Amino acid sequence: MKQPIDNHSTKLKKEVDTRRTFAIISHPDAGKTTITEQLLLFGGAIRQAGTVKGKKSGKFAKSDWMEIEKQRGISVTSSVLQFDYSGKRINILDTPGHKDFSEDTYRTLMAVDSAVMVVDSSKGIEEQTKKLFQVCRMRGIPIFTFMNKLDRDGRDPLDLIAELEEVLEIDAYPMNWPMGMGKGLMGLYDVYNNRIEVHRPEENSLDGERFVPLNEDGEIEGDHPIKQSSVYEQAMEEALLLKEAGNEFSREAIAAGELTPVFFGSALTNFGVQTFLEAFVDFAPAPSAHKSVEGEDIEPHNETFSGFIFKIQANMNPAHRDRIAFLRICSGEFDRGIDVTLARTGKSIRLSNSTQFMAEERETVQKAVAGDIIGLYDTGTFQIGDTIHEGKNEIQFEPLPQFTPEMFMRVEAKNVMKQKSFHKGIQQLVQEGTIQMYKGYHTEDYIIGAVGQLQFEVFQYRMLNEYNSEINMTPMGNRIARWIDPDVLDINMASSRNLLVRDRFDNPLFLFENEFALRWFNDKYPDVELQTLL
Ligand code: G4P
């Protein structure tokens, strides 16, 4: 007879295996919000479709999803959405862009098992997509591509695929192929499902037929109005070309993040989105193991609850000092009121006040399992990268990577008499991961670095509100940060074009004015190897 504990572990494994936790990466305006809304519709998490109108209002901390919330009158929190589809529980993590882009955006990618890359097919691969992609690539997680806005005249699909492969250095496999685009969009040749998906079937003379099946040779049987169309011919020819010259389809390569399946479609007109979602649910991985600092794999089915904090969201309302710490559950099951250990301090904490983020309403979580994200109310206990775990066996997950900042400011206390609160504020906010800090190589001048403007604003706000420290920030603009081995460093290498500073661990680095200054340095010191973070 089976022990009850076995039943429990079988149940846990079953639950965990239904989880699909991913983030959508894209350049602003590629259609991330629109596709998110469509996905929520399919999941029944929202009931009404509509265009999400301009996001021009508001200064900061206005995530795209908060915008959906405002527009649609539904309660969507800014960080995690959860819905069920086809027997799977889907968690979508927000990766804020625009003015909200920050290190948190990168760190969120540490908490997902796969990523969906949304590309505007009239633009191709843009800057922010490239950066976010690189973080996903480094983790080796599967990346699914959605080439959006097919209802508009965009670039040649063959060009888009070639650019994707070249710029991102990843193999691509088109799962479907457009038959025309813009006003002339007739449909998609769905290579994977061997059928044609008809665009606006009700407007075609196809009796509302949404899918037209193909025979073994990938052709439409008998007479069919689609066959008369020139875009059909062209799509078939191009698809054949890809079959002969393109990459082989491979589930393993997709799982290893070496091949990205590409889906064409239009989020706005909801064309190709469901086909994409179905394939995604089929291919996207369930939660996998996370490495501890000792190199041990912590399996998601392991019954001991554990996880790590990847993001802390400070409340921007001065009346509420509370924050929410976002925890990715890596193993076991969360039960409200569970006692855990905070690995950094060894202290025991009872997790009673936690929220989970549902599209309909913010609910208090009773239960969540590996793969899920929970928000823990935080009054200053947690830091980014913290591990928490149940039981006596010490677990410490690998630290989160640091990302190379690109924007810099000089910072000083407005009031020279208030140095103490200024230093304390900086130290703590740097430790929390709000911002990165540097000092002049021979001076005590503070320079702060960030990947997005929002970080500076949050830093300034929190310095004032939490540490009562008014600060002056002087922009230094964008710089390219490169670390240098202290043993090869020669003070004379520094100039006004490559400012020499040290990070908070006293490691030296240069802040190059631009690419040109970096190249000049490399030419002058060909034997000096410079390092970058991610
Ligand atoms: P983001 O979250 O990635 O920043 O993009 P978002 O979904 O907000 O979309 C950016 C703009 O692109 C929106 O237009 C949206 O309607 C439009 N869009 C998204 N998907 C498609 C698509 O498949 N086809 C077309 N033609 N447009 C698409 P906007 O001008 O910001 O707002 P609106 O005033 O047009 O609604």
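When a ligand or atom number is given, it counts from 1 through the structure's own listing order. Counting from 1, the numbers follow the sequence of the chain as shown. Being a predicted model, the structure only gives us computed values, none of them experimental.
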Only heavy atoms of [X], strictly under 4.0 Å: list the atoms of ligand 1 that pass.
X	answer
Asp29	1 (P), 3 (O), 4 (O), 5 (O), 10 (C), 12 (O)
Arg152	26 (N), 27 (N)
Pro28	4 (O)
Lys32	1 (P), 2 (O), 3 (O), 5 (O), 7 (O)

*For ligand 1, which part of Thr33 has a heavy atom less than 4.0 Å away: the side chain, the backbone, both, or neither?*
both

_Minimum non-hydrogen distance to atom 15 (C) of ligand 1, winning option of Thr34, Ile25, Ile24_ =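 It is Thr34 that holds the nearest heavy atom.
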
*Just going by heavy-atom distances, which of Ser26, Gly265, Gly31, Gly272 is nearest to atom 5 (O) of ligand 1?*
Gly31

_Minimum side-chain heavy-atom gap Met147-Leu164 below 4.5 Å_ = yes

*Looking at Arg210 and Glu197, does any basic side-chain N land under 4.0 Å from a carboxylate oxygen?*
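Answer for the salt bridge query: yes.
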
*asked:* Under a 4.0 Å threshold between the charged nitrogen and the carboxylate oxygen, would Asp17 count as salt-bridged to Arg89?
replied: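 Salt bridge flag = no for Asp17 with Arg89.
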
*Do Leu268 and ligand 1 have an N or O pair less than 3.5 Å apart?*
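In this structure, Leu268 places an N or O atom under 3.5 Å from an N or O of ligand 1.
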
_With respect to Thr269, determine whether any N or O atom, backbone or side chain, lies less than 3.5 Å from an N or O atom of ligand 1._
no

*Between the side chains of Thr145 and Thr260, is a donor N or O closer than 3.5 angstrom to an acceptor N or O?*
yes

*Say whether Tyr85 and Glu278, considering side chains only, have a donor N or O and an acceptor N or O under 3.5 Å apart.*
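There is such a pair (donor and acceptor under 3.5 Å, judged by atom type) between the side chains of Tyr85 and Glu278.
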
*Do Phe308 and Phe382 have ring centres separated by under 6.0 Å?*
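No, the ring of Phe308 stays outside the 6.0 Å limit from the ring of Phe382, centre to centre.
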
_Check: Ala368 main-chain N/O paired with Asp372 side-chain donor or acceptor under 3.5 Å_ = no

